[in-house]
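A short write-up of the structure that comes next.
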Amino acid sequence: MNRKLERRLAMVGSIWQIVSGLLTIFVYASYIKNEGLNSSYNTLAKWEAAQSIFGSLYMFSVTFGMLFVILGMVNFVLAKTLKDDQAEVKKPIWFLLVGLASYLVMDLLGSLMFLSAGILALAKNKSISKLVSSQLQNL
């Protein structure tokens, strides 16, 4: 039994994570940094406080984007190594956990892809293990 569908779903989710991470780093974080640089305040203390806040937001955005890029790369490798005709348990559970985490950070496309891949992989595990046990009984 092949796992082409869940492999593709996980790959699409992985590519989406990488793209959204890169957009977060290069578009959103740059926007935050420019907003901080373009802001004007009447006192030096307020300007320094605003710069500190925008700097922290910039670092958080870059860190969050890097986390998405790294997670996307890991998931892409896991999706590529999902084997046909073998019951795999850890990778589908990982995809389910990533799907739930994506849902919590409001990444709905990634959540849909990874939850679907995990559920399909677990469902096919059951049929693969039944096929293997029936083949063993026939021998």
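Computed from heavy atoms alone, side chains included, the values below leave out hydrogens, waters and symmetry copies.
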Whether [X] side chain and [Y] backbone form a donor-acceptor pair below 3.5 Å:
X: K124; Y: I119; answer: no
X: S134; Y: L131; answer: yes
X: S14; Y: F76; answer: yes
X: E88; Y: K83; answer: yes
X: S102; Y: D107; answer: no

To the closest 0.5 Å, what do you measure between [atom1] ([X]) and [atom2] ([Y])?
X: S20; Y: I15; atom1: OG; atom2: CD1; value: 12.0 Å
X: E6; Y: L122; atom1: CD; atom2: CG; value: 9.5 Å
X: L78; Y: M11; atom1: CG; atom2: CE; value: 10.5 Å
X: L112; Y: L9; atom1: CG; atom2: CG; value: 8.0 Å
X: T24; Y: Y31; atom1: OG1; atom2: OH; value: 14.5 Å

Taking the side chain as C-beta and beyond, is there a heavy-atom pair between P92 and N125 under 4.5 Å?
yes

Modelled atom types, side-chain donor and acceptor of S61 and K33, under 3.5 Å:
no

Do Q17 and N75 have side-chain atoms, one donor and one acceptor, less than 3.5 Å apart?
yes

Under the criterion side chain to side chain contact (heavy atoms under 4.5 Å, CB included), I'd like the reasoning laid out for L115 against Y103: C-alpha separation, chi angles, the key distance, then a yes or no.
CA-CA 9 Å; L115 286 175; Y103 181 75; 5.5 Å; no

Regarding R7 and D84, does a basic nitrogen lie under 4.0 Å from an acidic carboxylate oxygen?
yes

Applying a strict under-4.5 Å side-chain criterion to I, L, V, M, F, W and Y, I'd like to know whether [X] and [Y] cluster together.
X: V12; Y: L108; value: no
X: Y28; Y: I53; value: yes
X: L67; Y: V27; value: no
X: L82; Y: L5; value: no
X: M113; Y: L97; value: no

Evaluate the side chain to side chain contact (heavy atoms under 4.5 Å, CB included) criterion for residues V69 and M73: first the C-alpha distance (whole Å), next the side-chain angles of each, then the deciding distance (0.1 Å), finally the verdict.
CA-CA 6 Å; V69 169; M73 288 181 191; 3.7 Å; yes

Take Q86 and I128 through the test side chain to side chain contact (heavy atoms under 4.5 Å, CB included) and record every step on the way to the result.
CA-CA 7 Å; Q86 281 188 346; I128 287 172; 5.8 Å; no

Acceptor/donor pairs from residues 35-49 side chains to any protein atom, 3.5 angstrom cut, sequence neighbours excluded:
{"from": "N38", "atom 1": "ND2", "to": "N34", "atom 2": "O", "distance (Å)": "3.2"}
{"from": "S39", "atom 1": "OG", "to": "G36", "atom 2": "O", "distance (Å)": "2.9"}
{"from": "T43", "atom 1": "OG1", "to": "K46", "atom 2": "N", "distance (Å)": "3.3"}

For [X] versus [Y], what's the shortest heavy-atom pair and its separation?
X: A10; Y: A79; answer: CB-CB, 3.6 Å
X: I25; Y: A29; answer: O-CB, 3.2 Å
X: F95; Y: F114; answer: O-CB, 3.4 Å

Using the six-membered ring wherever Trp is involved, compare the ring planes of F64 and F68 and label them parallel, tilted or perpendicular (cut-offs 30° and 60°).
tilted

Determine, stepwise, if the pair K91 / T81 fulfils side chain to side chain contact (heavy atoms under 4.5 Å, CB included).
CA-CA 9 Å; K91 290 176 190 172; T81 58; 2.9 Å; yes

Can you tell me if F54 has over 12 outside heavy atoms packed within less than 6.0 Å of its CZ?
yes

